[in-house]
Amino acid sequence: MRSIIDEFDDFLDNPIQYIISYIRDIPKLIVTVFFSWIIFFLYLIYIHPSQTVTSKSLINFDSIGEIKIGMSVQRAEEVSHLQLLPITSSGLISKGCYYVEPQVNARLERIRFMVIKDAIATIEVSRNYSLRTVNGAQVGQSIDEVKAIYGKNITTKDSNLVYTPPKKKFRLVFETERGQITSYRAGRLPEVDYINGCFDYKN
């Protein structure tokens, strides 16, 4: 490999010829850069596709974006291009019920998924003010606002608001405090009704 000193010596010996030799290499450099960008974009599209579930994804009673209730964790990762990491602090993996959450750099905060026997059972949102439901409900809204959104299909159970969709085996449960929505969860019965999450699960 030629050193900087060698290059400088060549320049001093014949400056004009040295400059011409570099000018001749410019087309090669342009072609190299062009194909490097093509390879980079192909990598982004096919090898490392962007995540399809983001902070702008809408939550339905049975899904968030491409992630559906009932999917395995592996399948959910495949369709969303997210890495879902176990929340080991729950200490309930051996019991058959545990939680996973998106990796930190996914920009999806305060959301987790309850997993039972490797199938996603609920989608749970707490203190996240950007994630909305398909109908437009979100954390921070008042009880009256959410009641207005869901109309006669929402009922009050203890301090919670419960939306019953056309598919009766699913629910949207909104937890409230001081007249506002503090968290909500979507999912299948009976898991979506678990007040204490995995602690209420019986194998």
Side-chain angles (χ1 to χ4, degrees), residues 32-141 146 149 163 165-167 169-175 181-194 197-198 201:
T32 301
V33 171
F34 176 74
F35 280 102
S36 296
W37 275 106
I38 290 179
I39 292 171
F40 176 69
F41 281 117
L42 288 175
Y43 168 79
L44 290 180
I45 295 172
Y46 295 104
I47 300 177
H48 191 270
S50 59
Q51 66 188 59
T52 60
V53 175
T54 69
S55 60
K56 295 182 179 180
S57 297
L58 299 177
I59 296 177
N60 207 345
F61 56 83
D62 64 348
S63 63
I64 174 173
E66 299 298 319
I67 297 179
K68 312 292 183 185
I69 297 296
M71 276 186 175
S72 68
V73 174
Q74 180 179 350
R75 181 58 182 160
E77 289 180 322
E78 290 172 355
V79 299
S80 65
H81 308 304
L82 288 171
Q83 184 180 6
L84 300 176
L85 305 175
I87 304 175
T88 54
S89 59
S90 64
L92 294 168
I93 293 179
S94 61
K95 190 179 176 182
C97 179
Y98 64 100
Y99 293 96
V100 295
E101 62 182 354
Q103 74 269 27
V104 175
N105 61 357
R107 297 181 181 178
L108 271 173
E109 299 177 350
R110 304 289 183 179
I111 180 171
R112 65 181 186 176
F113 303 87
M114 180 192 289
V115 181
I116 293 180
K117 296 180 180 178
D118 197 38
I120 292 175
T122 67
I123 303 160
E124 305 182 9
V125 178
S126 65
R127 288 180 290 171
N128 183 313
Y129 297 89
S130 60
L131 284 172
R132 294 173 176 264
T133 69
V134 169
N135 298 76
Q138 66 183 119
V139 172
Q141 286 180 328
V146 174
I149 289 172
Y163 167 66
K167 293 184 178 180
K169 67 178 182 179
F170 297 98
R171 294 289 188 276
L172 257 172
V173 180
F174 298 90
E175 296 191 357
I181 306 302
T182 56
S183 63
Y184 62 92
R185 58 186 180 272
R188 68 189 188 192
L189 292 170
E191 292 88 354
V192 72
D193 270 345
Y194 291 168
C198 278
Y201 172 70

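For the numbers below, each heavy atom of this structure counts, side chains included, while hydrogens, waters and symmetry mates do not.
Residue V139 comes nearest to S183 through the heavy atom pair CG2-CA, 4.1 Å, listed as atom of the first residue, atom of the second, then distance. A pairwise comparison of heavy atoms in I181 and Q138 identifies CB-O, 3.9 Å as the closest pair. Heavy-atom minimum distance, F61 versus I69: O-CG1, 4.4 Å. Considering every non-hydrogen atom in both R188 and G70, the closest pair reads NH1-CA, 4.4 Å. Minimum heavy-atom separation, G197 to Y99: CA-OH, 3.1 Å. Across all their heavy atoms, I123 and I64 have their closest contact at CD1-N, 3.7 Å.
Put simply, the side chain of E77 gets close to the backbone of L84: a donor and an acceptor are under 3.5 Å apart. Distance alone, capped at 3.5 Å, is enough to place a donor-acceptor pair between the N128 side chain and the S130 backbone. Listed for the Q103 side chain is a donor-acceptor partner under 3.5 Å among the backbone atoms of Q83.
Annotation: salt bridge (charged side-chain N to carboxylate O under 4.0 Å, His left out) contacts of R75 (sequence neighbours excluded): E78.
Expressed to the nearest 0.5 Å, how far OH of Y163 lies from CD1 of I149 amounts to 11.5 Å. Atom CG of L172 and atom CD1 of I59 lie 8.5 Å apart (nearest 0.5 Å). In this structure, the separation between CZ on R110 and CD on E101 is 10.0 Å, given to the nearest 0.5 Å. I116 CD1 to E191 CD: the interatomic distance, rounded to the nearest 0.5 Å, is 4.0 Å. To the nearest 0.5 Å, the span separating CG on D62 from CD1 on I120 amounts to 12.0 Å. Distance check, rounded to the nearest 0.5 Å: OH of Y184 to CD of E175 gives 12.5 Å.
A donor-acceptor pair shorter than 3.5 Å can be found between the side chains of T122 and E124.
Between E109 and R127 there is no salt bridge, since no side-chain N of the basic residue sits under 4.0 Å from a carboxylate O of the acidic one.
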Stepwise side-chain contact (heavy atoms from CB on, under 4.5 Å) test for L108 and L131: CA-CA 9 Å; L108 271 173; L131 284 172; 4.2 Å; yes
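Proximity of Y201 to M114: side-chain heavy atoms (C-beta onward) are nowhere separated by under 4.5 Å.
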